[in-house]
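For reference, the structure discussed in these notes is given below.
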Amino acid sequence: MTSFECKGVLVDFPYEPYEVQKKYIEKVLECLQNGHNGVLESPTGTGKTLSLLCSSLAWLLAKKAAIQANRMLPTESSAISMSVNTAAGVDKNPSSAWNGVIRPPRIIYGSRTHTQLNQVMKELRRTNYKHMKVGIIGSRDQLCIHPEVMKESTSSVKIALCRAKVSTRTCQFYNNVELKSKEAFVENGIADIEDLVNKGKKFNCCPYYGSRELQKDVDILFTPYNYIIDPRTRKAQDIQFSDDVIILDEGHNVEKMCEESCSVNISSTDIALCIDAVTDVMKQLYDEKNTEFSAEPTQLKPREFSDDDICVLKALFLEIEKVIDGIELTNGTNDKKMEGSYVFKLLQGADITPSNMSKFISFLNSVTLYMSSTNSNAPHQAKEACLYKFQQFLECVLQSLGSNGDPKNTDKYFRTYIQLEQSKYKPKNDTVKLKELKKGKTLNFWCFSPGFGMRDLLDRNVHCIILTSGTLSPLAATISEIGIPVKVQLQNAHVIKNNQVCVSVIKSGPSNKPLICNYSSRNNSDFLISLGQTLVNFSRIIPGGTLVFFPSYPFLDQCVNHWQGCNIWASITKNKSIFVEPKNKDVLNNVIDEYYNAIQENKGAMLLAVYRGKVSEGLDFSDWKARAVIILGLPYPPYQDPRVVMKREYLDEMRKENSECLSGQEWYKLEAIKAVNQAMGRVIRHIGDWGSIIFCDERYASFNIKSQLSVWLQPHIKVYDQFSIAYRENVKFFKNSGATMPSAVLFSNASFDEPAQATVLRSIESVKRKALEDDTIKLYESYCDKNEEKIEKKSTLASSSSSNSILKFVDIFEEQTIINTISESQPLKVDATSDLKPLVKKRKLKIIPNEIEHPKKIVNTTVKTVNYMANVRNILKEKDTYNNFVSILRKYIQERNCDELIERLDKLFPIKTQEIISILLGLNDFFNHEPNSQLSNYCTRLKEEYVLTKLESNLQLPIY
């Protein structure tokens, strides 16, 4: 651990921070001390998460110290008090309190998924801040341990059933929350979702409500950021802010999340199921009345509504159904685009207005609770879920008015879109049913301004918001989209060196056909073959794993089917196992495990994936798991999709009012670039990682697109008009990087699924040692070559020609195989014609008379060196002693001064144990010295002295 001061705050860090980490920490502290919002980009592998945790928690400790100092010395202005107040920064809300008690702020740490949060918590466990109080929030799907609730299939039914059991106090796990939650979930340190569930079962206490109760008293609270952004989820989880810090990590998806959280839809089918649900409730109430005075009266269920209320509810739903059915759609397109406030006009037709909407939402909640406590069959659950969905629809519509309740907000940030309802199934040979289904409509209420949700969050009494990710470029567009004032910005450089990444833009394939992966070329057989040839060639030279990203699933399926119909697929499988990202999330884990196993077994693997899919973020592809990322095409959103069309139109309208806003076309292009930036970030995951990024589309050569890629990547981009040149450069890169870069990180003692940063931190010393040993091996090989040259010059020439032939072979291989892959691209039934094969001249054979040659012992110098150095490393445990020994060997290899070698060895090892003598004796064989050489005589003398010492010790008489 190391400590350093930054902006008056003492920050503890697990190791000496890189320069980019210090810059990042400085910007985070600037946000925290001044209460400013920040947008910070730092590439994957720069230790962003660790820097974020250490800086924010160090500031929180300073803030606590300042509060304590001000309580103890409210009037004095001592040097200590001034120092801690400077470190803590400004107090935006001095009267911030929770239950009337003034308290320090919390760090609310949001990431995209719980999987990513688990990795963040692993990072926290390795810091000096692991003693701080930590909380995590999850859903009932993840945390509920009640067997009856867990067996339900849908989330909405689980919610309703859980709430019913809580309200009637029939859940034993919930009943123990007050007594056991502190003992179960706080006193045992940092606990992730899995830990909470295990502890809940152990203490017979509900993890869901237990974690909610304790969130107010924690220092840092981990949660998926949709829980923070979505007002409905925030309310359901009882997340309240009191001058808290909001951190949105992996925030490249925040804009989309903000829009999604404020958008909702309801269909004619949903309304029909709501009517059926209310009818069922009316029947239950009727049955209860009829059996009330019978011989065996049934238990009446608790309810918060009268019989008249339920009748009014059914009448309202019937009116809503009539209003939606009465909407006239545009001829030809069968849809209707309207302003946001149009939804209020529709609801007003059923006497639902903003003034009575809150009461109606509360009433619906009561009915849902009653239904969940009375019946549990499948049809009943579906109807109950639709009631809950309509409740959420009304909540979203009401929230569109904003915190000030202004109807202008709805028109400014929202749009209403009505379309024909899309059926989940298509009736076969039943035109009547088909016509009935076509009458149904879907009412979409879409938010097109991420700033609406972000500003709502900012108004909730937060200290500041920090949005950070490895891929936020271009930064100006991101800041424009989120729509909140941002005073702190950062675009960090990468920690890697120039020789650790190779970035190629390839404009044409092996057959010199242009590579343009747009919609029109996807049905072109020649283009698909050229693309396949490109992958075949690169599969031969890329070690380990390769990720290939496609713009969409249909295009991925099209390529797979086409390549399987010819020899391209078979040619790739000769070099690497091929895996395809499935659409089904449940199957993905099995595919990824098989991909990892293929790499571990040194077979090599290629994973075909889709932009914005699961593979493009959240999974670990460090080191050999991805030595290259191949980028195919630009993943633009579907151009004719109604939501995309309306988003472009909305932005063009906003551009007229504010020239700094993005235009619809700019947004459309940036959506593709953001997905590409996220995908190519899979290849470099830490400071010791290395790999290649290959853009197989000539459009990436244009300045407009290159300038919008991640800033750290731009200086490395090289554009190639010819495939052969790009291919040769990648061959050299992989050959040089494989020889010079520490490649043993993946195959160290680290777990294969361990986060990349943890792997590197644990093996940072071994990486430095590996680099030192690699240099020693090179020197030793040159030493052996020179010795061989003295003994047998011809042998050296033969040896050097074989070693130098690798690159020559690559050049010949490249020229020949690029032509040969054309034959591999033909359909299986068509044979490759002979004119496609390169002409090979016949070699003249020279007959040499037989000579008797004695077999010569072949020694692999690299293996010999590695084995000897491994033995030395096991004996010399101290790092300084080992490094000094290696430096002595290196100097001898360079200068050949045996006297100095012996003198320095005696100085390094004044006391020679049996193990030390074994190392020194091994030097004679290590350097292949003659029997009467100076080093050989030194080793013989050591051996004799050791034998004499042993004899003396054995003959020595005991002293009484």
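The number of heavy atoms from other shown groups lying within 6.0 Å of OH (Tyr553) is above 12. A 6.0 Å sphere centred on CD of Gln665 holds more than 12 heavy atoms belonging to other residues, nucleotides or ligands.
Glu259 and Ser449 form no side-chain donor-acceptor contact under 3.5 Å, judged by distance and modelled atom types alone.
Shown here for Ile506 and Leu515, the closest heavy-atom pair between the two residues is O-CD1, 3.9 Å. Across Lys706 and Ala701, no two heavy atoms sit closer than the pair CE-O, 3.5 Å. In this structure, Lys576 and Ala605 approach most closely via the heavy-atom pair CD-O, 3.7 Å. Taking each heavy atom of Pro43 and Ala493 in turn, the nearest pair found is CD-O, 3.7 Å.
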* I would like to know whether Glu255 and Lys674 meet salt bridge (charged side-chain N to carboxylate O under 4.0 Å, His left out); could you show each step before the answer? => CA-CA 12 Å; Glu255 301 106 299; Lys674 286 180 180 179; 2.7 Å; yes

* **Candidate pair Ile684 and His494, rule side chain to side chain contact (heavy atoms under 4.5 Å, CB included), full reasoning** => CA-CA 10 Å; Ile684 305 293; His494 216 300; 3.6 Å; yes

* Applying side chain to side chain contact (heavy atoms under 4.5 Å, CB included), run through Ser710 and Met680 and close with a yes or a no. => CA-CA 10 Å; Ser710 294; Met680 69 187 184; 3.8 Å; yes

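For Lys647 and Glu671, the salt-bridge test fails: no basic side-chain N is under 4.0 Å from an acidic carboxylate O. Between Asp689 and Arg682 there is no salt bridge, since no side-chain N of the basic residue sits under 4.0 Å from a carboxylate O of the acidic one. Asp697 has no carboxylate O lying under 4.0 Å from a charged side-chain N of Lys507, or vice versa, which leaves the two without a salt bridge. A salt bridge is defined here as a Lys NZ or Arg NE, NH1 or NH2 lying under 4.0 Å from an Asp or Glu carboxylate O, and Lys614 with Glu581 fails to meet this definition.
A ring-centre distance under 6.0 Å is found for Phe538 and Phe723. In this structure, Tyr611 has its ring center no closer than 6.0 Å to that of Phe550.
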Please tabulate, for side-chain N and O atoms in residues 638-645, each donor-acceptor pair with protein atoms closer than 3.5 Å (sequence neighbours left out).
| from | atom 1 | to | atom 2 | distance (Å) |
| --- | --- | --- | --- | --- |
| Asp641 | OD2 | Arg643 | N | 3.1 |
| Asp641 | OD2 | Val644 | N | 3.4 |
| Arg643 | NH2 | Ser263 | OG | 3.1 |

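Here the NZ-CD1 distance, from Lys625 to Ile592, works out to 10.5 Å after rounding to the nearest 0.5 Å.
Under the 30°/60° scheme for interplanar angles, the aromatic rings of Phe579 and Tyr595 are found to stand perpendicular.
Partner Ser111 forms a side-chain contact (heavy atoms from CB on, under 4.5 Å) with one of Asn118, Leu117, Leu248, Thr223 and no other, that one being Leu117.
Because its NZ or CZ atom is both nearer than 6.0 Å to the ring centre of Tyr668 and within 45° of the ring axis, Arg648 counts as a cation-pi partner of that residue.
Panel note: side chain Gln21, backbone Thr46; a donor-acceptor pair is recorded below 3.5 Å.
A search for salt bridge (Lys or Arg N to Asp or Glu O under 4.0 Å) contacts involving Asp557 returns nothing, not counting sequence neighbours.
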